[in-house]
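Data block below; observations after.
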Amino acid sequence: MRISSFSIHPVAVADPPIRSSYGLHAPYALRTILVLTTTDGITGVSEAHGGEGSLAALEAIRPMVEGMDPFQLHALWMQWGRPANEGDRSQTWMVPGENPRDARTRAFAAVEAACLDIIGKAVNKPVCDLLGGRARDAAPFSAYLFYKHGGGGGTGDDARADEYGECLSPETMVRQCKQMVDFYGFKEIKLKGGVLEPEVEIETIRQLRAEFGEAYPLRIDPNCAWSVETSVHVGVSLKEELSGGGYLEDPAAGMDGMAEVRRRLLAVGVETPLASNVAVTSLDDVVPAWRADAVQVVLSDPHYWGGLRAVQKLSDLCEALGMGVSMHSNNHLGVSMMIMAHTCCVSEPMKFACDTHYPWQSEQDEVLVGGRVKFVDGCVVMPDKPGLGIELDMDQVARLEERYRKLPFRKRDDAAEMRAHVDPNWERVLPRW
Ligand code: GKR
Ligand code: MG
């Protein structure tokens, strides 16, 4: 069996005006759908970050994948080469999916998922059962809350209903969370912070705790918007609320900043773990982060960490070092949802509910036959179908591709969106508080 066709579909997906310390989300998020077909007529699908950077990396790997045996993933990795280990691989300044230093890893990850989908279909087994079998039958996800402006994403005739309304206060955030928890059944909660004054974000977490109680672990992630002092202040203020399975994610920039926050928190008896998907983005970062005690929970991602098997490796490494492991998310469609769910189910040490932006996308944008992936009690249940357990609706892919072609932008630029829609003078300043 050989791969006989490699087809890339850049797509645009409606996205509400949600905020983070990077700025504001555009009305459309960019993603890429990859379809590989074999000489036996088996199709494997995958999803990657979007825009021109991802497309260029996929075009570059294409000659190595065409004609390849989909079982020979190690050979592809060795031929494609490890990414360069120099330069800033962090996500301090660049959002995930826009740092060119991991573009090769992301392209490999996309191909790996499609090959596993093919192999699963060839041997009639779900992907999770190819990778050691299920450590759990269902992948738990968390309610991923965002401060947001009014609007549901998309533009003009293509605008979406604003399901969650404007959320720029603790009270409206509690309402957003109730809606999400009621609908999806999530059992853990993540607040994207770094948007409003730290005191307002502290109050938001307090109100979430008051509403949902200790049974719902809480995390807050300001994407490095805070100084070491502010991070320590928030950590101390939220000592109780972030305990019991919660964490403080990327409060301050850089490995040194995180290590200093940790030292100062421990010195005043606050043991809340620090998590990261900004300072720690590749296997090379894990041991240094552990040595410095800068990070206690690493956020994996089957896309930029290099695939499902790379996340298994990361999970095992974290377990050996006594670190926790969780999962990061960007905007994504159902293909990625299933890649993430299979990854979680084959990574035994992943004890935290994974992040997902999925609630922020709508039925109208799903590319799967049968519509959106369903959640049961906040979890995605492993399908018994072969491969990833999904089928692409190619008419829908074509519609989303057509929409991509008409968009005036080819990369994610949250700062530009912020200047265009919220504050013409906005710049990303770290630390902001
Ligand atoms: O979508 O704005 C966003 C998030 O801030 C995303 O880009 C982050 O990478 O969700 C991510 C995170 O956990 O840092
Ligand atoms: Mg994060």
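Counting from 1, the numbers follow the sequence of the chain as shown. Both ligands and their constituent atoms are indexed starting at 1 by order of listing.
Ring pair His303/His49 is perpendicular by interplanar angle, where above 60° counts as perpendicular and below 30° as parallel. By the 30° and 60° cut-offs, the orientation of the rings of Tyr358 relative to Phe375 is tilted.
For the residue pair Glu366 / Gln361, no side-chain donor-acceptor distance below 3.5 Å is found, with atom types taken as modelled. Defined by atom type and a distance below 3.5 Å, a donor-acceptor pair is missing between the side-chain atoms of Arg309 and Gln312. In the model, Ser20 has no side-chain atom that pairs as donor or acceptor with a side-chain atom of His25 under 3.5 Å. Asp365 and Ser362 share a side-chain donor-acceptor pair at under 3.5 Å. In the model, Gln207 has a side-chain atom that pairs as donor or acceptor with a side-chain atom of Glu203 under 3.5 Å.
At a heavy-atom cutoff of 4.0 Å, ligand 1 is contacted by no atom of Ser21, backbone or side chain. Residue Arg219 does not touch ligand 1, judged by heavy-atom distances below 4.0 Å. In Arg412, the part holding a heavy atom less than 4.0 Å from any atom of ligand 1 is the side chain. At a heavy-atom distance under 4.0 Å, no atom of Leu299 approaches ligand 1. Contacts with ligand 1 closer than 4.0 Å are made by no heavy atom of Gln91, backbone or side chain. The side chain of Asn330, and not its backbone, has at least one atom closer than 4.0 Å to an atom of ligand 1 (non-hydrogen atoms only; side chain from C-beta on). The proximity of Asp221 to ligand 1, defined as any non-hydrogen pair under 4.0 Å, is limited to the side chain.
Close approach to Asn277 involves these atoms of ligand 1, each under 4.0 Å from a residue heavy atom: 9 (O), 12 (C), 13 (O), 14 (O). Atoms of ligand 1 lying under 4.0 Å from any heavy atom of Ser20, numbered from 1 in the order shown and given with element: 2 (O), 5 (O). Taking every heavy atom of Ser329 and a limit of under 4.0 angstrom, the matching atoms of ligand 1 come to 10 (O), 11 (C). Within ligand 1, the atoms closer than 4.0 Å to a non-hydrogen atom of Asn223 are 5 (O), 12 (C), 14 (O), numbered from 1 in the order shown. Near Pro96, the atoms of ligand 1 lying under 4.0 angstrom from a non-hydrogen atom of the residue are 7 (O), 9 (O). Ligand-side atoms of ligand 1 in range of Tyr144: 4 (C), 10 (O), 11 (C), 12 (C), 13 (O), range being under 4.0 angstrom from any heavy atom. Taking a cut-off of under 4.0 Å to the non-hydrogen atoms of His357, the atoms of ligand 1 that pass are 1 (O), 3 (C), 10 (O).
For Phe183, the CZ atom sits in a loose shell: 12 or fewer heavy atoms of surrounding residues, nucleotides or ligands are nearer than 6.0 Å.
The shortest heavy-atom contact between Ala114 and Leu36 is CB-CD1, 3.6 Å.
A donor-acceptor distance shorter than 3.5 angstrom exists from the side chain of Asp117 to the backbone of Val45, with no hydrogens or angles considered. In this structure, the side chain of Glu47 does not engage the main chain of Leu34 through any donor-acceptor pair within 3.5 Å. Listed for the Arg160 side chain is a donor-acceptor partner under 3.5 Å among the backbone atoms of Asp158. Counting only distance, with no hydrogens or angles, the side chain of Arg410 and the backbone of Leu407 share a donor-acceptor pair below 3.5 Å.
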Verdict with supporting geometry, His9 and Tyr404, ring-ring contact (aromatic ring centres under 6.0 Å, His included): CA-CA 9 Å; His9 304 272; Tyr404 175 93; over 10 Å; no
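Among the atoms of Tyr22, none of the N or O lies under 3.5 angstrom from an N or O of ligand 1.
The nearest protein atom to atom 2 (O) of ligand 1, hydrogens excluded, is given as His25 NE2, 2.8 Å; this is a heavy-atom distance. Counting protein heavy atoms only, atom 9 (O) of ligand 1 is closest to His328 NE2, 2.8 Å.
Only protein N, O or S atoms were considered, and those under 2.8 Å from the Mg ion (ligand 2) are Asp221 OD2, Glu249 OE2, Asn277 OD1.
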